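Just so you know, these numbers come straight off a predicted model, no measurement behind them.
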Amino acid sequence: MKIGIIGGSGLDNPDILEESSDQPVETPYGETSSVITTGKIERIDVAILSRHGVNHTKSPSKVNFRANIWALKHIGCTHILASTAVGSLREEIEPGHIVFPNQFIDFTKQRSSTFYDTDKVVHTPMEEPFCQESLQILSETSKQLRIPYHTNKTIITIEGPRFSTRAESHMFRSWGADIINMSTCPEAGLAREQNIHYASLAMSTDYDCWKEDEEPVSWELVEKTMEKNAANVVKIFLHAIPQLTDWKDKCSG
């Protein structure tokens, strides 16, 4: 078993690893967002990749998702834990809370969303897009650590890099989306195509712009909340990773 961590904003710190070293990987899809840092957490092999680049230089639409997922698979990752900043579309999901989504809505418009677009067509089942075992372990860990969290939520991914209009935000709420970001899709679907157990750890940073009695989302607000709460995400990772197993569940990993 090998765990890949895809770090979102502020959560790609290699210092959490023992015996760490950088491992560049060449892929058929071009360069990965960053060099992959490998090491161990309690004797478990772990690889960390920075989704937006080490200095956050890649906008969501420019992230090479296929290269990132292919590289993690190539070096032997069986699981991926992906951290991401999200906006809340529900009042009960407060800024600073952790969310473990179990469904996604892909509202992106210009990203390569499959590895099977040349030689053959593969229709990948996606009724349960996230690894159920990983989600259970992550949520139980959050409960043990007394970190506020939510489960069984739907995340919608928009193209970005702009944030939603108020009309769009209300529309997404009417569709049943609970949180919103710019990175889960096509990342989750690509991981499924590579038979990798994928789970997302989403940190609510704001109320998007639907909630008019709250400050509307801005990059400065996102960064501020992430800086305050990134330590909680690291705690969850450090406690949850030793509990992961290679048991095969519904995600066909």
Using only atom types and a distance under 3.5 Å, with no angle test, would you say the side chain of [X] pairs donor to acceptor with the backbone of [Y]?
| X | Y | answer |
| --- | --- | --- |
| D208 | G87 | no |
| Y207 | E91 | yes |
| T165 | E168 | yes |
| K73 | Q194 | yes |
| S169 | R166 | no |
| R51 | F65 | no |
| W210 | S88 | yes |
| T78 | K2 | yes |
| T141 | H239 | no |
| N181 | I155 | no |

Item checked: For T32, the option from I69, L49, V63 that meets side chain to side chain contact (heavy atoms under 4.5 Å, CB included) ->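 Of the listed residues I69, L49, V63, the side chain to side chain contact (heavy atoms under 4.5 Å, CB included) partner of T32 is L49.
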Decide yes or no for [X] and [Y]: does some side-chain heavy atom of the first lie under 4.5 Å from some side-chain heavy atom of the second?
| X | Y | value |
| --- | --- | --- |
| V122 | E193 | no |
| I147 | I236 | yes |
| F237 | L201 | yes |
| V86 | I93 | no |
| F163 | C209 | no |
| T184 | P101 | no |

Next item on the list: Tell me yes or no: between the side chains of S183 and T84, is some donor less than 3.5 Å from an acceptor?
Entry: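 Side chains of S183 and T84: pair found under 3.5 Å.
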Other residues, nucleotides and ligands only: do more than 12 of their heavy atoms fall within 6.0 Å of [atom1] on [X]?
| X | atom1 | result |
| --- | --- | --- |
| E140 | CD | yes |
| K40 | NZ | yes |
| Q23 | CD | yes |

Margin query: The test is side-chain contact (heavy atoms from CB on, under 4.5 Å); show your working for S112 and Y29 and say whether it passes.
Written below: CA-CA 10 Å; S112 298; Y29 303 97; over 6 Å; no
Item checked: Passing option when H150 is tested against H97, E94, E92 for side chain to side chain donor-acceptor pair (under 3.5 Å) ->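 It is H97; the other options fail the test.
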Checklist line | Value rounded to 0.5 Å, distance of CD1 in I137 from CD1 in I241 | finding: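 Reported to 0.5 Å precision, the distance equals 10.5 Å.
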Checklist line | Centroid-centroid distance, F130 to F100, less than 6.0 Å | finding: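 Between F130 and F100, the centre distance exceeds or equals 6.0 Å.
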Note to self: One pair to check against side-chain contact (heavy atoms from CB on, under 4.5 Å): T27 and H74. What are the steps and the verdict?
What the structure shows: CA-CA 9 Å; T27 87; H74 181 72; over 6 Å; no
Next item on the list: Starting from the C-alpha separation in whole Å, work towards a yes-or-no answer on side-chain contact (heavy atoms from CB on, under 4.5 Å) for L244 and L81.
Entry: CA-CA 11 Å; L244 292 172; L81 303 180; 4.3 Å; yes
Margin query: For residues V35 and I80: do they belong to one hydrophobic cluster (side chain heavy atoms under 4.5 Å, members Ile, Leu, Val, Met, Phe, Trp, Tyr)?
Written below: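 No: no chain of side-chain contacts under 4.5 Å links V35 to I80.
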Next item on the list: Given side-chain contact (heavy atoms from CB on, under 4.5 Å), test E159 with R111 step by step and report yes or no.
Entry: CA-CA 8 Å; E159 188 65 48; R111 305 180 185 185; 3.0 Å; yes
